[in-house]
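Okay, so here's the structure we're looking at.
A, B, ... follow the sequence lines: proteins, then strands. Residue 1 opens every chain. Just so it is clear, the values below take in all heavy atoms, side chains as well, and ignore hydrogens, waters and symmetry mates. Treat the numbers as computed from the prediction; the structure is a model and nothing was measured.
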Number of protein chains: 2
Amino acid sequence: MAKAGVAVARREEVVAGLPSPKAGQILLAARKVFMRDGYGSASMDAIAREAAVSKATLYAHFSGKEALFAAVIRERCQHLTRSLSPAELEPLELAEALRRVGRHFLDLILSPEAVAIYRVVVAEAPRFKELGRVFYESGPMQVKRSLADYLAAAARRGLLAVPEPYLAAEQFVGMLQSHFHLMRVLGVAGRPSDAQIAQAIELAVRVLTRGYAVG
Amino acid sequence: MAKAGVAVARREEVVAGLPSPKAGQILLAARKVFMRDGYGSASMDAIAREAAVSKATLYAHFSGKEALFAAVIRERCQHLTRSLSPAELEPLELAEALRRVGRHFLDLILSPEAVAIYRVVVAEAPRFKELGRVFYESGPMQVKRSLADYLAAAARRGLLAVPEPYLAAEQFVGMLQSHFHLMRVLGVAGRPSDAQIAQAIELAVRVLTRGYAVG
DNA sequence: GTCTATATACAGATAGAC
DNA sequence: GTCTATCTGTATATAGAC
């Protein structure tokens with residue numbers, strides 16, 4: 001797929017909030033090429049071909065390769081950010097709320113899009129310093145913060161003894177991540193089965209609740 | 001440092017087990033350039049310059065850019081692998097043994113070399129499938145395996161109730177990793193302080209031992 | 001084996017017609 | 001704004017002298 005053939009305008013997906021439709025085409029094509037080839041190996045030619053526009057048009061909308069890359073990353077980070085609201089968790093029993101958070105988190109970080117963006121952001125972090133921060137704050141930090149808020153509330157209700165809620169949240173997501181994310185980003189294994197995910201979540205919930213049990 | 005000046009032969013470090021001294025120079029230079037620029041942005045010119053040899057010499061020792069990259073990754077993975085022996089852990093008290101493993105693991109994955117190799121391997125994993133496996137098996141898997149062996153032994157001695165030692169090991173290293181590794185590879189934060197590391201280890205040890213406490 | 005010099009392709013970026 | 005055609009530098013890789 002997407003061999004070196006004649007490029008056709010794609011309308012599979014729309015990038016919202018842009019002045020021109022061409023800018024959306026370009027951003028979508030750039031995303032595809034950057035995610036597939038990485039920043040260094042991606043070429044402006046390939047992006048123009050994929051977007052079905054000329055390179056001149058491409059440069060009319062974005063000042064250069066770096067700016068285009070930054071625009072792609074920012075747009076994707078914004079898109080991938082979907083937090084669980086406290087209102088969704090509050091009525092649930094403790095263990096069930098943690099399961100819900102865990103599943104949401106794993107769905108997020110194991111999706112092909114998230115893995116692809118993780119790869120390029122990590123690879124280019126030394127050269128695009130602010131993009132690493134954008135990624136971290138839009139994704140992992142939000143999940144940890146909302147979980148930390150939930151844990152703090154649970155501690156106030158006497159369900160747990162959590163002196164450092166944010167660190168406990170990091171422990172929880174760390175336990176989940178460890179199982180699958182590394183193997184996924186290294187290409188060693190594909191997406192885990194639902195049963196594997198369920199087992200990992202159960203174990204993490206069990207260790208966290210026992211680890212921070214009251215008394 | 002390392003601006004576009006006259007290259008000089010470096011002898012800071014020796015790459016062992018190579019037939020020719022030039023091959024060692026080349027491999028060392030390639031490592032430096034690949035880690036700094038990433039695979040896609042690195043050039044054979046830059047590597048030849050850094051190694052203070054001509055490009056023809058470079059191609060006399062390695063068949064091309066891909067082969068050189070693979071050689072660098074394999075050599076580094078081999079070098080970074082240093083496991084804790086079971087004999088070192090056996091005489092220690094449980095919590096102290098876990099602290100020792102935790103500190104060893106964090107020292108390993110937070111070192112500048114490990115972070116640099118992680119970045120390039122993750123970035124190129126889709127195109128160099130076997131290198132992801134080499135990295136995983138030489139680093140994280142070994143640590144988890146030896147920790148799992150220790151946990152299984154502890155369970156046999158009645159110190160813990162660990163039904164799945166390997167998964168428990170993954171939880172432990174995941175809790176530790178979560179705190180720092182992501183921020184480090186994203187360039188959001190530098191190396192954490194000793195106090196931060198000590199706190200993370202204490203929390204992880206506490207949660208794991210309570211989570212898998214007997215009874 | 002190692003060099004200098006070069007072949008060949010393609011990169012990012014732009015000029016100028018429309 | 002968008003295109004075609006092109007400029008200029010640099011990429012990987014190699015030929016041929018020593």
- line: Ranking D/dT2, D/dC3, C/dC3 by distance to the side chain of A/Ala60, first place goes to D/dT2
- prompt: What is the per-nucleotide protein-contact pattern of nucleotides 12-18 of chain D, from the 5' end, where B denotes a base atom under 4.0 Å from a protein heavy atom, S denotes such proximity for sugar-phosphate atoms only, and - denotes neither?
  reply: BBBB---
- prompt: Around A/Glu90, counting heavy atoms of other residues, nucleotides and ligands shown, do more than 12 lie under 6.0 Å from its CD?
  reply: no
- line: Rounded to whole Å, CD of B/Gln25 lies from C1' of C/dG1 at a distance of 13 Å
task: Sequence neighbours left out, what passes side chain to side chain contact (heavy atoms under 4.5 Å, CB included) with A/Glu88? Give chain and number order.
output: A/Leu84, A/Ser85
task: Round to a whole Å and report the spacing from CG of A/Leu68 to P of C/dA13.
output: 10 Å
message: Strictly by ring pair (Phe, Tyr, Trp, His ring centres under 6.0 Å), give each pair with a member in residues 102-126 of chain A just once, sequence neighbours left out.
response: A/Tyr118-A/His181
- request: Apply side-chain hydrogen bond (donor to acceptor under 3.5 Å, both in side chains) to A/Tyr39 and list each qualifying residue two or more places apart in sequence or on a separate chain.
  value: none
field: Separation of C/dA11 C1' from A/Leu58 CG (nearest whole Å)
entry: 14 Å
query: Between A/Ser54 and D/dT4, does any side-chain N or O lie under 4.0 Å from OP1 or OP2?
result: no
Sequence-distant partners of B/Ser63, side-chain hydrogen bond (donor to acceptor under 3.5 Å, both in side chains), two or more places apart: none
message: With a 4.0 Å limit, can you tell me whether B/Thr57 has a side-chain N or O closer than that to the phosphate oxygens OP1/OP2 of C/dC3?
response: yes
- request: Would you tell me if any nitrogen or oxygen in the side chain of B/Lys22 comes within less than 4.0 Å of OP1 or OP2 on C/dG1?
  value: no
query: Considering residues at least two apart in sequence or located in another chain, which fulfil the side-chain hydrogen bond (donor to acceptor under 3.5 Å, both in side chains) criterion with A/Arg191?
result: none
